[in-house]
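Presented below is the structure to which this report refers.
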Amino acid sequence: MLSFESDYIQGAHEKILERLAETNREPLSGYGNDKYCESAKEKIRQACGCEEAEIFFLTGGTQTNQIVISSMLRSYEGVVAAETGHVSVHEAGAIEHSGHKVLTIPGHEGKIKAEELAAYLKAYWEDTSHEHMVFPGMVYISHPTEYGTLYAESELASIAGICSKYNIPLYLDGARLGYGLMSRETDVTLPKIAQYCDVFYIGGTKVGALCGEALVFPKKNIPAHFLTLAKQKGALLAKGRLLGVQFDTLFTDDLYFRISAHAIEMAEKMKEMFREKGKRFFLNSPTNQQFLILEDGEMARLQELVKFDIWERYDEGHTVVRFATSWATETGDVENLREIMPSGGQ
């Protein structure tokens with residue numbers, strides 16, 4: 001059966017598997033204190049244009065979000081996010097479990113607006129009883145967002161400016177960062193993210209790795225004893241080499257960017273096919289996630305032939321669904337989907 005269910009349904013890029021096999025018997029120190037982790041960190045610093053960046057390799061996105069937010073906030077602070085943000089909806093209350101509230105503001109196709117963030121923070125500090133409330137201590141965004149949309153550089157700059165005004169960090173979740181960076185419609189680069197954000201991570205799990213994320217602190221602002229906190233939360237691998245080898249491979253010869261660009265190319269082919277078939281788009285996504293509005297009966301018939309993600313109800317008879325390409329999607333997959341996908345939309 002064809003599957004466009006998500007971008008982590010396959011294992012890992014072949015070059016990563018080859019490097020893991022090649023280095024398998026090599027005795028190396030644990031917890032990221034090995035030459036491959038150090039090599040990967042240096043390559044990431046170069047890609048970010050930030051020689052002083054401090055980098056940690058952690059097991060997964062949810063763990064990374066929880067550790068970053070809980071380690072950078074005081075006990076009485078929460079994190080501001082879009083109501084549709086991943087930390088708000090799809091992390092099983094991981095942030096709240098750490099003792100910090102997710103403070104939501106409206107999401108617009110997954111993004112927050114700088115002016116609404118400014119109004120929220122202004123209203124909080126002007127409230128005479130704010131000492132009895134959860135303090136907004138950080139702003140969380142994702143790029144791409146849950147809806148495959150992207151922040152423009154001007155939007156990032158505006159949000160960063162507001163965070164700076166209120167002296168709170170801006171955190172960017174980059175679970176699918178490669179697909180955002182290689183979109184045909186972006187003006188955001190890795191160095192610009194390092195410039196505007198106080199902390200961010202480069203997703204590996206969804207972009208060619210077996211698992212793992214590369215967390216970047218670009219401004220000498222790492223929380224005290226961060227390694228200890230990561231271990232306490234279960235996100236630090238004893239065999240840190242497994243993540244170091246993967247990211248060292250991803251950042252050799254631009255592999256991370258090349259395979260991300262391939263996913264975008266496949267998504268553009270799929271998008272054009274959907275247009276030719278007369279399908280209705282829920283929104284315009286310039287990344288690897290494409291959202292369609294399908295009539296429920298058509299959706300049920302299609303599910304017998306291809307896997308895709310059920311996203312949300314659109315109306316009484318229609319559902320929003322998501323088709324995702326990845327580093328591993330092949331042209332033949334899109335062509336096979338073309339044969340399966342009926343024409344017309346309702």
Side-chain angles (χ1 to χ4, degrees), residues 8 30-34 36-73 79 81 85-87 91 94-95 98 100 137-144 160 163 168-178 180-181 190-251 256:
Y8 50 86
Y31 300 107
N33 297 310
D34 64 85
Y36 297 108
C37 285
E38 287 306 314
S39 176
K41 289 176 184 179
E42 186 54 38
K43 289 173 181 177
I44 290 172
R45 290 186 187 104
Q46 293 299 317
C48 292
C50 188
E51 294 181 1
E52 298 178 343
E54 296 171 284
I55 299 161
F56 292 85
F57 299 115
L58 303 176
T59 53
T62 297
Q63 294 93 333
T64 301
N65 287 336
Q66 185 192 57
I67 293 163
V68 168
I69 292 169
S70 64
S71 67
M72 296 187 76
L73 294 184
V79 57
H86 202 267
V87 294
E91 290 194 337
I95 308 308
S98 72
H100 299 279
M138 170 186 279
V139 172
Y140 164 96
I141 60 175
S142 59
H143 184 84
C163 290
I168 58 177
L170 174 60
Y171 171 40
L172 185 145
D173 178 331
R176 295 183 168 93
L177 187 56
L181 293 172
L190 205 47
K192 288 179 179 178
I193 288 173
Q195 173 187 346
Y196 293 119
C197 297
D198 297 286
V199 56
F200 63 94
Y201 78 86
I202 300 168
T205 301
K206 295 182 171 77
V207 194
L210 281 171
C211 60
E213 326 298 334
L215 179 64
V216 182
F217 291 93
K219 299 175 180 177
K220 292 186 175 181
N221 58 337
I222 181 173
H225 309 296
F226 185 80
L227 191 74
T228 306
L229 294 169
K231 183 166 186 173
Q232 188 181 67
K233 300 289 187 183
L236 184 67
L237 281 180
K239 294 181 180 179
R241 61 189 288 161
L242 297 178
L243 302 182
V245 167
Q246 292 187 81
F247 276 94
D248 189 51
T249 305
L250 286 171
F251 280 83
Y256 188 76

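Side chains included, hydrogens not; waters and symmetry mates left out as well; all remaining heavy atoms used.
Rounded to the nearest 0.5 Å, atoms CD1 (Ile168) and CE (Met72) are 11.0 Å apart. Note that CG of Leu215 is 9.0 Å distant from CD1 of Ile55, once rounded to the nearest 0.5 Å. From Asp198, atom CG reaches atom CD1 of Ile222 across 13.5 Å, with rounding to the nearest 0.5 Å. Once rounded to the nearest 0.5 Å, the distance linking CD1 of Ile95 with NE2 of His86 reads 10.5 Å. Remark: Ser71 OG to His100 NE2 distance equals 8.5 Å, nearest 0.5 Å. Atom NE2 of residue His143 and atom CG of residue Leu181 lie 6.0 Å apart, to the nearest 0.5 angstrom.
Inter-residue side-chain proximity for Pro218 and Cys50 is flagged as met; some heavy-atom pair is nearer than 4.5 Å. Proximity of Ile193 to Leu177: side-chain heavy atoms (C-beta onward) are separated by under 4.5 Å at one or more points. For the pair Tyr31 and Leu236, the minimum side-chain heavy-atom distance is below 4.5 Å. With a 4.5 Å cut-off on side-chain heavy atoms, Val199 and Val216 do not count as touching. Within the 4.5 Å cutoff, no side-chain heavy atoms of Phe57 are placed close to those of Leu237. You'll find the side chain of Ser70 reaches within 4.5 Å of the side chain of Lys233, heavy atoms only. Contact check for Leu190 versus Ile202: side-chain heavy atoms found under the 4.5 Å cut-off. Taking the side chain as every heavy atom from C-beta outward, Met138 and Ile69 approach each other to under 4.5 Å.
Side-chain atoms of Lys41 never come within 3.5 Å of backbone atoms of Gly244 as a donor-acceptor pair (strictly under, hydrogens ignored). Not one N or O on the side chain of Arg176 forms a donor-acceptor pair closer than 3.5 Å with the backbone of Pro144. Side-chain atoms of Glu54 never come within 3.5 Å of backbone atoms of Phe217 as a donor-acceptor pair (strictly under, hydrogens ignored). Judged purely by atom type and a 3.5 angstrom limit, Gln246 has no side-chain atom pairing as donor or acceptor with the backbone of Ala209.
Atom OH of Tyr8 is surrounded by 12 or fewer heavy atoms from other residues, nucleotides or ligands within 6.0 Å. For Lys231, the NZ atom is loosely surrounded, since the number of other residues' heavy atoms within 6.0 Å does not exceed 12.
Of all heavy-atom pairs between Cys163 and Pro169, the closest is SG-O, 4.3 Å. Across all their heavy atoms, Leu243 and Gly212 have their closest contact at CD2-CA, 3.7 Å. A pairwise comparison of heavy atoms in Ile67 and Ala235 identifies CD1-CB, 3.2 Å as the closest pair. Closest of all the heavy-atom pairs between Gly178 and Tyr256 is N-OH, 3.2 Å. Nearest heavy atoms, Gly61 versus Glu213: N-OE2, 3.4 Å. Across Val207 and Ala175, no two heavy atoms sit closer than the pair CG2-O, 4.0 Å.
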- Message: As a quick check of understanding, evaluate ring pair (Phe, Tyr, Trp, His ring centres under 6.0 Å) for Tyr171 and Phe200, giving each step before the final call.
- Response: CA-CA 6 Å; Tyr171 171 40; Phe200 63 94; 9.1 Å; no
- Derivation and outcome, side chain to side chain contact (heavy atoms under 4.5 Å, CB included), residues Asp34 and Arg241: CA-CA 7 Å; Asp34 64 85; Arg241 61 189 288 161; 4.0 Å; yes
- Task: Evaluate the side chain to side chain contact (heavy atoms under 4.5 Å, CB included) criterion for residues Glu38 and Asp248: first the C-alpha distance (whole Å), next the side-chain angles of each, then the deciding distance (0.1 Å), finally the verdict.
- Result: CA-CA 9 Å; Glu38 287 306 314; Asp248 189 51; over 6 Å; no
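A salt bridge links Glu52 with Lys220: the distance from a Lys NZ or Arg NE/NH1/NH2 to an Asp or Glu carboxylate oxygen falls below 4.0 Å.
Annotation: side-chain hydrogen bond (donor to acceptor under 3.5 Å, both in side chains) contacts of Thr59 (sequence neighbours excluded): none.
Tyr140 and Asp173 share a donor-acceptor pair across their side chains, judged by distance under 3.5 Å alone.
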